[in-house]
There are 2 protein chains.
Amino acid sequence: MMSEALRGHLDALILAVLETEPLHGYAVMEALQVSSGGALDLPTGSLYPALRRLDRAGLVESEWSTVGGRRRRTYQLTAAGRRALTNERTKWRDFSTMVEGVLRPGSAPA
Amino acid sequence: MMSEALRGHLDALILAVLETEPLHGYAVMEALQVSSGGALDLPTGSLYPALRRLDRAGLVESEWSTVGGRRRRTYQLTAAGRRALTNERTKWRDFSTMVEGVLRPGSAPA
DNA sequence: TCCTACATGTAGCCAAGCTATCTATCGTGG
DNA sequence: CCACGATAGATAGCTTGGCTACATGTAGGA
């Protein structure tokens, strides 16, 4: 849907929903759906690789558990993850300001 | 710099600077630098392929000329290009609203 | 029994922005 | 005179990361 646009911003979104509490993958998916007002319907083929990427980068850490017979891998932010989130928020603000400025109509010449 | 973040948004930015007047490639580059407040320093390896893409998509059309011994290819928006720009603006607004909503801190639970 | 929701994961595709490189003109400074 | 920076255009090939499609398995309801 907004596939191409998401590039480079997904990590920030995932970190953001993990900020308030640890969540397992599927719950991250649902949290993103809710907090995006239904706009973000992330396929599992995007979500799970992204989580592993964040894991490898040391921004989240995971722990396995079994709830109701189903295996869950629960992720929580590391200290580095929280720092990264702060940084991502700043980068987003800069980026969106930049786009807004260019997209705004009427830098009209003579 | 903001390389990955730009993905999927560059076309909109280019269409935007072409809205007020036709420009040749190099001038598009400069216009983007100015209207982004210096934040966007697009390499030619990004710009020229993007312009050709927009051309193939029928969103701009080009015309060759020679000014001061230098060959210029000047691009201007087509009707479809203007429609696309309007559409891109809407899509950007939706996208940024979505990201803003997810990134905003404090969807805190109990 | 079958379908849906829950839950996790991978292989391989593809688009698009980037680096590096190339060509060529013009003006300026050493 | 020559080197260099700004102007002007272009392409080959790399890389990245989100997506499609697929695979696996449990639980619960129709």
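Worth saying up front: this structure is predicted, and the values here are computed from it rather than measured. The chains referred to below are lettered A, B, ... by the order of the sequence lines, with proteins before strands, and numbering in each begins at 1.
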Where the side chain of [X] is defined as all heavy atoms beyond and including C-beta, which of [options] is the nearest nucleotide?
X: A:Tyr75; options: D:dA8, C:dC18, C:dG9; value: C:dG9
X: A:Arg53; options: C:dG17, D:dT11, D:dG18; value: D:dG18
X: A:Arg52; options: D:dT11, D:dC19, C:dG9; value: C:dG9
X: A:Leu10; options: C:dT8, D:dT7, D:dG18; value: D:dG18
X: B:Asp11; options: D:dA8, C:dG17, D:dA10; value: C:dG17
X: B:Arg72; options: D:dG9, C:dT8, D:dC19; value: D:dG9

Would one find more than 12 heavy atoms of other residues, nucleotides or ligands at under 6.0 Å from atom CD of A:Glu100?
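Check passes, neighbour count above 12.
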Test the B:Arg71-B:Trp64 pair against the cation-pi criterion, namely NZ or CZ under 6.0 angstrom from the six-membered ring centroid and within 45° of the ring axis.
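Checked: cation-pi criterion met.
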Whole angstroms only, please: what is the [atom1]-[atom2] distance between [X] and [N]?
X: A:Leu54; N: D:dG18; atom1: CG; atom2: C1'; value: 13 Å
X: A:Gln33; N: C:dC6; atom1: CD; atom2: P; value: 10 Å
X: B:Tyr48; N: D:dT7; atom1: OH; atom2: P; value: 11 Å
X: A:Tyr26; N: C:dT4; atom1: OH; atom2: P; value: 13 Å
X: B:Leu23; N: D:dG9; atom1: CG; atom2: P; value: 10 Å
X: A:Leu47; N: D:dT20; atom1: CG; atom2: P; value: 14 Å
X: A:Leu32; N: C:dA7; atom1: CG; atom2: P; value: 15 Å
X: B:Ile14; N: C:dA16; atom1: CD1; atom2: P; value: 12 Å

hbond_proxy [X] side chain to [N] base (donor-acceptor, 3.5 Å cutoff):
X: B:Arg7; N: C:dA16; answer: yes
X: A:Arg73; N: C:dA7; answer: no
X: B:Arg71; N: D:dG9; answer: no
X: B:Thr44; N: D:dG9; answer: no

Should A:Trp92 and B:Leu103 count as side-chain neighbours, where that means a heavy-atom distance under 4.5 Å?
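Side-chain contact under 4.5 Å: yes.
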Any chance you could measure B:Leu54, atom CG, to B:Tyr75, atom OH, to the nearest 0.5 Å?
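Here the rounded value is 9.0 Å.
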Atom CD of B:Glu61 and atom CD of B:Glu63: how far apart are they, to the nearest 0.5 Å?
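Answer rounded to 0.5 Å: 8.5 Å.
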Check whether the side chains of A:Ser62 and A:Arg73 place a donor and an acceptor atom closer than 3.5 Å, and report yes or no.
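Judged by distance alone, the side chains do pair up.
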Touch check for A:Gly25, heavy atoms < 4.0 angstrom, all strands: base, sugar-phosphate only, or nothing?
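Touches sugar-phosphate only.
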Determine the contact category for A:Gly68: base if any of its heavy atoms lies under 4.0 Å from a base atom, sugar-phosphate if only primed atoms, P, OP1 or OP2 are that close, otherwise nothing.
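Contact class for A:Gly68: sugar-phosphate only.
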Taking the nucleotide of DNA chain C with the closest heavy atom to each, which residue, A:Trp64 or A:Arg70, is nearer the 5' end?
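This one resolves to A:Arg70.
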